[in-house]
Amino acid sequence: MSLLLQVAFTLTRSTDLGVVSSTADLTVTFDHVLTDVGGSFTGVTNPSVFNCQHPGVYQFSFSALSQANRSAFVKLMKNGQFQLAMWAGQGSTYGSGANTAVLELEQGDRVWMAIGSPNRYAIHSNGNRYVSFTGVLLYST
């Protein structure tokens with residue numbers, strides 16, 4: 001009888017992040033673990049990076065809200081390599097963006113969100129948790 005592996009998480013952020021004086025990507029950290037099936041973030045304070053323990057095909061979704069009068073450029077990263085991004089335009093109010101990817105991961109692979117050019121881009125959040133990062137194991141390989 002095979003054991004059904006279950007991995008699913010949603011992380012949220014409740015405060016602003018950026019603008020900071022750096023041209024290097026800024027890893028997005030989170031202050032709330034909404035769901036953690038499989039224990040990927042058990043005991044982790046301010047989680048930011050998903051560390052793959054079970055090889056398989058995963059679906060990742062992420063969303064963010066730009067700060068007023070700023071744009072948000074947020075990237076999905078895998079092992080330091082850009083996968084895809086979302087962009088929320090600059091305006092006098094907030095702008096939102098989201099994206100989804102399906103990635104094949106090996107044990108030890110790492111996936112996270114990063115603000116590109118954080119000296120220019122910034123994200124906004126508050127108690128409504130407008131910034132989120134979700135991952136789900138679709139099937140093991």
Side-chain angles (χ1 to χ4, degrees), residues 1-91 93-141:
M1 182 170 145
S2 65
L3 177 66
L4 177 63
L5 293 174
Q6 297 179 338
V7 178
F9 68 87
T10 294
L11 309 176
T12 63
R13 184 177 177 92
S14 62
T15 60
D16 290 350
L17 184 61
V19 173
V20 297
S21 58
S22 173
T23 56
D25 289 350
L26 177 63
T27 300
V28 177
T29 57
F30 300 90
D31 55 14
H32 185 75
V33 179
L34 189 63
T35 304
D36 187 17
V37 176
S40 299
F41 297 97
T42 300
V44 177
T45 303
N46 295 323
S48 58
V49 178
F50 171 70
N51 294 295
C52 180
Q53 299 302 314
H54 306 289
V57 175
Y58 289 77
Q59 179 174 313
F60 294 96
S61 301
F62 59 104
S63 63
L65 187 68
S66 67
Q67 293 180 12
N69 300 310
R70 291 269 178 206
S71 296
F73 176 58
V74 180
K75 305 190 278 186
L76 184 68
M77 305 294 292
K78 174 186 168 187
N79 298 331
Q81 300 296 312
F82 170 81
Q83 301 299 299
L84 55 91
M86 57 113 313
W87 185 81
Q90 181 174 338
T93 62
Y94 304 98
S96 64
N99 214 333
T100 300
V102 173
L103 303 176
E104 187 169 358
L105 301 182
E106 298 296 328
Q107 185 173 9
D109 283 348
R110 298 164 38 95
V111 179
W112 67 93
M113 289 172 55
I115 298 174
S117 300
N119 59 332
R120 179 176 176 190
Y121 301 112
I123 57 177
H124 169 71
S125 198
N126 57 30
N128 292 318
R129 301 178 184 158
Y130 297 116
V131 179
S132 66
F133 178 39
T134 297
V136 177
L137 173 63
L138 299 176
Y139 61 89
S140 297
T141 55

Could you go step by step and tell me if Phe9 and Phe133 meet the ring pair (Phe, Tyr, Trp, His ring centres under 6.0 Å) rule? CA-CA 8 Å; Phe9 68 87; Phe133 178 39; 5.2 Å; yes

Atom CE in Met113, atom CG in Leu17: separation rounded to 0.5 Å? 9.5 Å

With no hydrogens and no angle check, just 3.5 Å: does a side-chain donor-acceptor pair link Arg110 and Asn51? yes

Can you measure from OG1 (Thr35) to CG (Leu11) and round to the nearest 0.5 angstrom? 9.0 Å

Over all heavy atoms of both residues, which pair between Leu105 and Lys78 is shortest? Give the atoms and the distance, please. CD2-CE, 3.7 Å

Acceptor/donor pairs from residues 93-104 side chains to any protein atom, 3.5 angstrom cut, sequence neighbours excluded:
unit_1: Asn99; atom_1: ND2; unit_2: Ala85; atom_2: O; d: 2.7
unit_1: Thr100; atom_1: OG1; unit_2: Ser61; atom_2: OG; d: 3.3

Over all heavy atoms of both residues, which pair between Phe41 and Val33 is shortest? Give the atoms and the distance, please. CB-CG2, 4.4 Å

Donor on one side chain, acceptor on other, Thr15 and Ser125, under 3.5 Å: no

Report yes if some heavy atom in the side chain of Leu84 is under 4.5 Å from a heavy atom in the side chain of Phe62; otherwise report no. yes

Closest non-hydrogen atom pair between Trp112 and Asn79, with its separation: CZ3-N, 3.8 Å

Table please: side-chain donor-acceptor pairs of residues 67-76 below 3.5 Å, with sequence neighbours left out.
unit_1: Gln67; atom_1: NE2; unit_2: Gly18; atom_2: O; d: 3.1
unit_1: Gln67; atom_1: NE2; unit_2: Ile123; atom_2: O; d: 3.0
unit_1: Ser71; atom_1: OG; unit_2: Gln90; atom_2: N; d: 3.1
unit_1: Lys75; atom_1: NZ; unit_2: Asp25; atom_2: OD1; d: 3.0
unit_1: Lys75; atom_1: NZ; unit_2: Asp25; atom_2: OD2; d: 2.9

If we ignore hydrogens and angles and just use 3.5 Å, is the side chain of Arg13 paired with the main-chain N or O of Asp16 as donor and acceptor? yes

To the nearest 0.5 Å, what is the distance between OG on Ser48 and CZ on Phe30? 8.0 Å

Spatial distance of atom CZ (Phe82) from atom CE (Met77) [nearest 0.5 Å]: 8.0 Å

Quick one: does any side-chain atom of Asn126 pair with a main-chain N or O of Asn128 as donor and acceptor, under 3.5 Å? yes

On a heavy-atom basis, the closest approach of Ser63 and Met86 is C-SD, 4.5 Å

So which atom in Leu5 and which in Ser140 form the shortest heavy-atom distance, rounded to 0.1 Å? CD1-OG, 3.5 Å

Say whether, by atom type as modelled, one donor and one acceptor occur between the side chain of Gln6 and the main chain of Leu4 under 3.5 angstrom. no

Could you give the distance from CD (Gln107) to OG1 (Thr141), rounded to the nearest 0.5 Å? 10.5 Å

Side chains of Thr23 and Asn119, donor plus acceptor under 3.5 Å: no

Would Phe50 and Val7 satisfy side-chain contact (heavy atoms from CB on, under 4.5 Å), going step by step from the backbone distance to the final call? CA-CA 11 Å; Phe50 171 70; Val7 178; 4.0 Å; yes

Taking all non-hydrogen atoms of both residues into account, name the closest pair between Val20 and Leu26 and its distance. CG2-CD2, 4.0 Å

